[in-house]
Amino acid sequence: MADIKKIATRDAYGSALAALGEKYENFVVLDADLASATKTGTFKKKFPSRHFDCGIQEGNMMLVAAGIAATGLLVPFASTFAIFAAGRAYEQIRNGIGYPHLNVKIAATHAGISVGEDGATHQCSEDIGTMRTIPGMTIISPSDAVETAAAVEAALNYVGPVYIRLGRLAVPVINDADSYKFELGKGVVFADGSDAAIFATGMMVDSALQARELLKAEGIDAAVINIHTIKPLDEELVVKYAVKTGAIVTAEEHQIIGGLGAAICETLSENHPCPVKRVGMKDKFGKSGKPAALLEEYGLTPADIAANVRAAIAMKHK
Amino acid sequence: MDQAKIKELKKISLDIKLGAVEAVYSASSGHPGGSLSISDILAYLYFVEMNVDPKNPQWVDRDRFVLSKGHCTPGLYAVLALKGYFPREDIKTFRQIDSYLQGHPEMKHTPGVDMTTGSLGLGISAACGMAKAAKYCGKDFRVYAMLGDGELGEGQCWEAALFAAHFELDNLCAFVDYNGLQIDGTTEEVMNTACIADKFRAFNWNVIEIDGHDFCAIEAAVKLAKQTKGKPTMIVAKTTKGKGVSYMENSADWHGKAPNADEYAQAVKELEAAKAELDN
């Protein structure tokens, strides 16, 4: 098997900013002393005067971004770790960016347990939940480097607040750079299937594709759908596959409370109730360790997704 | 500033106070004390200093004002109405359902409101962002912000203080409404923010201490701020909470309380009397 190309979505974010910097002169990038980790440093190297390091003060940074957007002169990308954006600066984002619906892009790296060795304090697995509760907030969680690049440009061209969820870990590139088109708010059917549908987001899309292969060997035909825009959710597609397969599995590197799985359950319970199994963090904090070991310990592997597909299918036959 | 100008500004300030008190009375809700303490500064900024156009509130090159102590909307709405951003009679709709005059400032629906604020500590950061954007884009508009002394308990104010000095935001001029009172009592008792001027000096701001009810002092400080290069300016303005309404003056109780009918009549009587006295 050929080597699979792996790139962290945070790296793709930095590269995307640097590439877009030439095409668009209307944006600036803010960071909070993490430019080397969020990869905005890649942009800073190329456009030093367009990069404002705010130091270690995420709350202030969010409102500085809001103030910049409020002038109508520039679009700011405010970057930090997910825990410090959606966690520490939740209220600043809610009141200062969400309520006035300002044109601020929040790029949150180091989301999820695959942060690894830094441990629970830095492994944000609640951010989709907190950001999803803010009226009018758009949430994008790209699956790979190709999608990240497209999502960053789409976010820039959309007028309004956007939260972009990015990861630290290098993950397989699963989209084709030449043909990929990003459509905000639209799920992507990676593989069709009739027995069950796996809705995955972020790096879990690749895991879902691997799970599909495991299930195929058993004669189970599972669809894999990439939900890169968690809000607004592609409800039409969710209901369509619930009708088609009657068994749904969600997969996310996030708490099952408040995240993609919760969003899909909310939609299905109102529109087409059907069995749903959720793969994600089960009301637990993470801990230090290698990303692969953590994913295994917390039940976020392709094998775990496959087991949940079997369980969802069993529920539909009850 | 000549005597005629001072008299004119005093009148405007009294009209702001009348508008603020009417807003709070109409809503049976709101914050009169801190609205009255900043009326003189609002009068000066909007009627002398700021380069704004009420007919074009979104004019990109306008000066900005951020009410970081966002609960003092009665004062802000009163000055905006007097300036012509919206009809004076709409003040009566303050805090009512369907009104565009929200309890705290909301920039998207209220003409003249430059930033959504109300959660303390957020406004000064937004003012920093505006000033930074102006510098980056080579715009020469100035950004004014109004902080409360109680608000300085919010850590974010000090993050913003670091930021503004670090980026040499000399196009930012902030005020502290130093009235010495917050909801639970005196700032000294609740959370002592004393030596405000020294604190901002230590943060590398240009600091000016004035009597916030003295128009000549306000003017001199704002002019000095404009001449100062490389540093943001903090004008620490000593004020009287509830200024102009006898029973509200220096009372923490009137931070966020509406007057009853008798109290409202008394406030109007006192403010109208002060206006009449100016013409004698």
Side-chain angles (χ1 to χ4, degrees), chain A residues 21 25-33 44 47-78 80 84 88-106 134-136 159-161, chain B residues 57-66 68 70 102-110 113-139 141-143 145 154-169 171-172:
Chain A
E25 289 181 348
N26 67 333
F27 75 89
V28 291
V29 176
L30 281 65
D31 208 306
D33 194 38
K44 186 180 186 177
F47 303 99
S49 70
R50 288 169 68 177
H51 185 281
F52 311 154
D53 201 322
C54 300
I56 306 171
Q57 37 172 256
E58 298 81 9
N60 182 55
M61 177 175 73
M62 291 305 169
L63 265 295
V64 166
I68 289 171
T71 64
L73 295 167
L74 296 164
V75 181
F77 278 81
T80 183
F84 307 129
R88 176 179 296 228
Y90 170 78
E91 192 264 351
Q92 283 87 347
I93 294 172
R94 191 259 189 200
N95 278 327
I97 296 171
Y99 176 38
H101 203 71
L102 286 168
N103 197 17
V104 175
K105 315 306 163 187
I106 301 155
I134 298 174
V159 180
Chain B
Q58 296 303 316
W59 176 38
V60 75
D61 291 325
R62 72 192 185 278
D63 288 340
R64 268 78 170 172
F65 176 75
V66 179
S68 199
Q102 292 295 298
H104 292 84
E106 202 277 296
M107 63 185 285
K108 288 290 171 86
H109 296 103
T110 310
V113 171
D114 290 323
M115 186 64 208
T116 298
T117 55
S119 174
L120 296 177
L122 270 54
I124 185 64
S125 296
C128 287
M130 292 173 177
K132 180 71 181 144
K135 279 197 170 281
Y136 176 82
C137 294
K139 297 279 184 185
F141 65 77
R142 294 183 61 76
V143 182
E154 285 285 2
Q156 187 162 337
C157 297
W158 303 102
E159 293 186 3
L162 285 172
F163 182 95
H166 180 83
F167 286 103
E168 302 179 353
L169 301 180
N171 51 350
L172 172 65

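Letters A, B, ... are given to chains in the order of the sequence lines, protein chains preceding strands, and every chain is numbered from 1.
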**OP:** Evaluate the side-chain proximity of A:Ile106 to A:Pro161: yes if any heavy-atom separation is below 4.5 Å, no if none is.
**Re:** no
Subject >> Interface moiety of B:Glu154 toward chain A, non-hydrogen atoms closer than 4.5 Å >> reply: neither
Subject >> Which of A:Ile56, A:Leu102, A:Asn60 touches chain B most, by non-hydrogen pairs under 4.5 Å >> reply: A:Asn60
Original post:
Side chains of A:Phe52 and A:Ile68: does their closest heavy-atom pair fall under 4.5 Å?
Top reply: yes
Original post:
Relative to chain B, which segment of A:Asn26 carries a heavy atom at a distance below 4.5 Å: side chain, backbone, both, or neither?
Top reply: neither
Original post:
Of the backbone (N, CA, C, O) and the side chain (C-beta and beyond), which part of B:Ala127 lies under 4.5 Å from a heavy atom of chain A, both, or neither?
Top reply: neither
Original post:
Within 45° of the ring axis of B:Tyr136 and under 6.0 Å from its six-membered ring centre, is that where the NZ or CZ of A:Arg50 lies?
Top reply: no
**OP:** State, yes or no, whether a side-chain contact exists between B:Leu169 and B:Lys135 at a heavy-atom distance under 4.5 Å.
**Re:** yes
